[in-house]
Amino acid sequence: MQYHFNEIEAKWQKYWAENKTFQATNQSDKPKYYVLDMFPYPSGAGLHVGHPLGYIASDIYARYKRHKGFNVLHPQGYDSFGLPAEQYAIQTGQHPALTTEENIKTYRRQLDQIGFSFDWSREVRTSDPSYYKWTQWIFIQLFESWYCKTHQCAFSISELEKLFSEEGNAGVNAACDDDVEYFTAKEWNSFSSDKKLVVLLKYRLTYLAETEVNWCPALGTVLANDEIVNGVSERGGHPVVRKKMTQWSMRISAYAERLLQGLDTIDWTDSLKESQRNWIGKSVGASVTFNVLPNVTLSADEGSHKIDVFTTRPDTIFGVSFMTLAPEHELVSQITTPEQKAEVEAYIQATAKRSERDRMADVKTISGVFTGAYAEHPFSKRLIPIWVGDYVLAGYGTGAVMSVPCGDQRDYDFAKHFNIPIPNIFEGIDISEEAYADKDNTIIANSDFLNGMNYKKATKRAIFELEQLGQGEGKTNYRLRDAVFSRQRYWGEPFPVYYVNGMPQMIDKAHLPIRLPEVEKYLPTETGEPPLGRADVWAWCTETNSVVANNKINNTTVFPLELNTMPGWAGSSWYFFRYMDAHNDQEFASEDALKYWENVDLYIGGSEHATGHLLYSRFWVKFMKDRGFVGVEEPFKKLINQGMILGTSAFVYREDGTNKYLSKGLIADINVHPIHVKVQYVNASDELDIEGLKNDGEFGEDFKDAEFILEDGVYKVGRDVEKMSKSKYNVVNPDAICEQYGADSLRLYEMFLGPLEQYKPWNTAGITGVHGFLKKLWKLYVGENGLNVDDSEPTKDNLKTLHKTIKKVEEDIENFSFNTSVSTFMIAVNELTTQKCTSKQVLEPLLVLLSPYAPHIAEELYSQLGHNKSISTAPFPKFDESHLVESSKNYPISFNGKMRFTLELPMDMSKEDIEAAVMAHEKTKEQLQGREPKKVIVVPGKIVNIVG
RNA sequence: GCUCAAGUGGCGGAAUUGGUAGACGCGCUGGAUUCAAAAUCCAGUUCUUUCGAGAGUGUGGGUUCGAUUCCCACCUUGAGUACCA
């Protein structure tokens, strides 16, 4: 009987689906284990062999954990809102819901054929109203919350209102907008309800704010920095301008410290934690207030300005020789003297044209302009000229810096360029060539009360003195910015928000979900409003509590709804909770389910989400914990980034100016142009199937009349490893692999390629290795005339092979070293085949070991051994050390550390006897050639090393 | 620039606490089987070599009886990030 993988795989996939083999229960005596993949965006192109890599790894782990007696939750779903579907809708007019549905079907078929043990009964789709109902609900909770910095915790906004009415806001230590004004309880209570709403909005964890964005008028949308190339949109090349827009923001900055601290409690890779730390960007220093000197030409009212700066080096405060403001800084226009006005305005105009990215990329050019105004040094009272320079970013700190040229290279370069003095405040340091930024060896000089102090002491003293003056305090700054949460798109979650007198109002939970309205086109409106501005039925009636036609808007009972939609990361920031109780229509998940499953034990996905999805999810979970909705502080306990599988592109070489294609070895110094060809026309020896290429439906025409110049009778292509992509014709489809070799071969081969975390090239030719292994495995169990397995007693060698395999495979899975397991299986099958093993006592446990990796063949053989329950219910074999105990050791005999020969000696031989046996050996004498050994190292059971 | 990875045969990679470098597989070479092919099986395959042996894990040092593994400096590649005050 042969190994008919197609039949076997279809049979067991059907069995698993029909018997709900992998359905997890929310009640169990077994310990729980939650294995999660980053859910895919269902793109139109379907899966290529790179996509399932992480899913296969997590599936192996999930199946292993089931064998180990865990109740495993291993769900899958779709991140199904997103731009490609919308773009396709704009081009074709097809509703994104339809194309998304189609794409999901393809994905599901492809995933099913690989034999994953997903619990599909818990599938979620972020674009499903029954799912985004809860995304909207969480948004409302964020709106109804504020963050107390003293307690480091979010609370209900009603508690804040109570505080305000009892004691005003002076004593409230909240994460809020910078521009809140102080008020007393009495004042608060006298505010109109509209005014109260305005004030509260400054405290809410999601709030409306004017944000500067990259606006592309032609596309009617906001673009991310990387969607802009050379100042124009990447798609279409339209001009882009900086524009202020009112958008929803998330106050993630409130959680900066906890997001940073939490990293120490989770098992993620160091590189990933490091990216998040960089992103959060904590820096400790001080804020310093400089008074701007009254300018005689300005009125008294305009004259009393203050500039706040943040510095990490308050110890260098006596080294300040100028200040620099970002061109966008609001004080610039107010303090500039009439003489400098024209120059400053010209400079601001020039910098406004450059995108933020351009400005950052061009570090070399030093530019700036003097405002004509001066500030006063808080201690020395010296005059400090105030400059404008675009090396200061408006978005970081206060958008202004105290420039200490002797201690900061950028300040130094700026000072040199504009001939500003560079006072030296460092003891014994030469600053004639460059700034001195070494904190550890700093001794302060020329600095009044700071003289002679080191960095630490001087910092402490400077902050103390600033506080005495009321012109500064110790401060910690974070680079992490609040996240913009509005998108001018159609295919995303609608906000559960309507507007009364321009103030946002939340729709009550009872009326969720607010479903996406129908529009006739998916483009922005002619007036530049988002696509939802095209909907005719998009107003909120507070009497019927329903979405009604726009023409009913009267602003007394019927109000306009929000036109923006939520960003891609909204739905993905909490989906891991929904899997716990996916069909609950009363809550996002029940308390019991949340309590049982807690959080994700193992999360596998790509490292490209390091600072997006993985940071936002942590933020939402911390918020939900604060408000008592969940019991955990972190979403993902352990996280592994799978590496990317790269494609091996193939090239043919056209001789310039001809229609001749030269085989790779013939190029020499002839001028040729390499052209990508589809990898399916290339065999394992890099030989091109010329006929196949010429008959290709898509490109055959291009090569029809081409002449292929062969070497040794074949055309050899060139190869290069590149990212797998359609445009490089190196995409390999798992469907074809499954059909030709089977899902078990695909699973084994993806693992066999190399370590999970590494980037590695795909080469279909190599799959014959693992496929051959499966055939060999099959032959070990099934002969010409039926099963080869019997009840015979295993031999010592059989047991040794089995138990070393158990040991290795178990260690490998625990270490996520799946590639070495595959080798181990090959070795085991090779050995057992040589041993002609037929013993069920050995061959049955081997199947359980293999089943996480190659579940179909394992199920089939297991059932042929007489079982009528799925192999997934079998316990993992127990390792028994006693089978590996050896009585002798083949010692490597080294001379000066180099192994020269081996010698078989009993395991229990003493050190002295080993040395004697080695020294007596004739090859030892040969090696020494008469020399007397200086030293003989004997490590019993390991090695002998002779020095001399 | 900074941070984090990673450099081992023709290729993917193995060597888990410092102890036989190149497991396992691909590819290649030779052979068996076959009318032939596929499939299968067997043997060989780091480099050099005067066939005795010698060298060898990016480069150069160091620690050690012994280093792919530990330390220092450097080079290369990849990823992320950036005038962050």
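Convention: sequence-line order gives letters A, B, ...; per-chain numbering from 1.
For the pair A/Leu466 and A/Glu473, the minimum side-chain heavy-atom distance is 4.5 Å or more. Taking the side chain as every heavy atom from C-beta outward, A/Val717 and A/Tyr681 never approach each other to under 4.5 Å. Side-chain contact between A/Tyr3 and A/Asp744 is present, with at least one heavy-atom pair separated by less than 4.5 Å.
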Check: Where along nucleotides 42-71 of chain B does protein come under 4.0 Å, by heavy atom, of base (B) or sugar-phosphate alone (S), with - for untouched nucleotides?
Finding: ------------SSB--------BS-----
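Atom CG of A/Asp315 and atom C1' of B/A85 are 13 Å apart (whole Å). Across the protein-nucleic acid pair, A/Gln276 atom CD and B/U81 atom P stand 12 Å apart, rounded to whole Å. Between the P atom of B/U17 and the NZ atom of A/Lys942 lies a distance of 10 Å, rounded to the nearest Å. Atom-to-atom, CD1 of A/Ile827 to P of B/C24 comes out at 6 Å; the value is rounded to the nearest Å. With rounding to whole Å, A/Lys282 atom NZ is found 14 Å from B/A85 atom P. In this structure, the CG atom of A/Asn278 is 10 Å from the P atom of B/U81, given to the nearest Å. The interatomic distance linking A/Asn815 (CG) with B/A15 (C1') rounds to 14 Å, in whole Å. Atom CZ in A/Phe825 sits about 16 Å away from atom C1' in B/A23, given to the nearest Å.
As judged by a 4.0 angstrom heavy-atom cut-off over every strand, A/Lys934 is placed among residues making no nucleic acid contact. Residue contacts for A/Ser817: at a heavy-atom cut-off of 4.0 Å it reaches no nucleic acid atom on any strand shown. At the heavy-atom level, A/Thr311 lies under 4.0 Å from the strands shown only through sugar-phosphate atoms. Contact annotation for A/Asp812: base contact, defined as any heavy-atom pair under 4.0 Å involving a base atom.
The listed nucleotides are B/A39, B/U3, B/C84; the one nearest the side chain of A/Arg410 is B/C84. Comparing B/G27, B/U81, B/A14 by their closest approach to the side chain of A/Thr820 singles out B/A14. Listed nucleotides B/A39, B/C83, B/G13 differ in distance to A/Asp390; the shortest reach to its side chain belongs to B/C83. In the set B/G13, B/C26, B/C24, B/C26 carries the atom at the smallest distance from any side-chain atom of A/Ala765. Of the candidates B/A82, B/U20, B/U40, B/U20 carries the atom nearest the A/Met899 side chain, counting heavy atoms from C-beta on. Closest contact between the side chain of A/Ser823 and the listed nucleotides B/C4, B/C24, B/G12 involves B/C24.
Taking CG of A/Leu850 as the reference point, atom OG1 of A/Thr824 lies at 11.5 Å (rounded to 0.5 Å).
Applying the 90° cutoff around 0 to the glycosidic angle, B/G18 is assigned anti. Taking 90° from 0 as the syn/anti boundary, the base of B/G31 is oriented anti.
Within the 6.0 Å centre-distance limit, the rings of A/Phe414 and A/Phe322 are counted as a close aromatic pair.
Of the C1' atoms belonging to B/U45 and B/G22, the separation is 12 Å, rounded to the nearest Å. The P atoms of B/C74 and B/G66 are separated by 27 Å, rounded to the nearest whole Å. Taking atom P in both B/A5 and B/G60, one finds a spacing of 25 Å when rounded to whole Å. Rounded to the nearest Å, the gap between the P atom of B/G44 and that of B/A23 is 12 Å. The separation of B/C28 from B/U33, taken at their P atoms, amounts to 22 Å, rounded to a whole angstrom. Between B/A36 and B/U46, the distance separating the two P atoms is 32 Å to the nearest Å. Here the separation of B/U34 from B/C41, taken at their C1' atoms, is 13 Å to the nearest Å. Taking atom C1' in both B/U29 and B/G10, one finds a spacing of 13 Å when rounded to whole Å.
Within the structure, every side-chain polar atom (N or O) of A/Gln758 is placed at least 4.0 Å from both OP1 and OP2 of B/A5. Distances shown here put every side-chain N or O of A/Tyr759 at or beyond 4.0 Å from the OP1 or OP2 atom of B/G78. Proximity of A/Asn819 to the phosphate of B/A14: a side-chain N or O atom is located under 4.0 Å from OP1 or OP2.
Both key distances under 3.5 Å define a Watson-Crick or G-U pair, and stretches of 3 or more such consecutive pairs in RNA chain B run B:1-7 with B:75-81, B:10-12 with B:24-26, B:27-32 with B:40-45, B:46-48 with B:53-55, B:58-62 with B:70-74.
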Acceptor/donor pairs from residues 749-762 of chain A side chains to any protein atom, 3.5 angstrom cut, sequence neighbours excluded:
residue  : atom : partner  : partner atom : Å
A/Tyr749 : OH   : A/Asn763 : O            : 2.6
A/Glu750 : OE1  : A/Leu53  : N            : 3.4
A/Lys760 : NZ   : A/Pro755 : O            : 2.6
A/Lys760 : NZ   : A/Leu756 : O            : 3.3
A/Lys760 : NZ   : A/Gln758 : O            : 3.1
A/Trp762 : NE1  : A/Thr764 : OG1          : 2.7

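There is a side-chain donor-acceptor pair under 3.5 Å between A/Thr324 and A/Ser403. Checked by atom type, the side-chain pair A/Tyr347/A/Ser367 shows a donor-acceptor distance below 3.5 Å. A/Lys776 and A/Asn830 form a side-chain donor-acceptor contact under 3.5 Å, judged by distance and modelled atom types alone. A donor-acceptor contact under 3.5 angstrom links the side chains of A/Ser649 and A/Asn730, judged on distance only. Under 3.5 Å, the side chains of A/Thr820 and A/Asp812 contain a donor-acceptor pair of N or O atoms.
Position along RNA chain B of the nearest nucleotide to A/Pro755 versus A/Thr312 favours A/Pro755 as the more 5'-ward residue. Nearest-nucleotide assignment on RNA chain B puts the 5′-proximal partner with A/Tyr891, out of A/Tyr891 and A/Gly769.
In terms of modelled atom types and a separation under 3.5 Å, the side chain of A/Ser663 and the main chain of A/Lys716 share a donor-acceptor contact.
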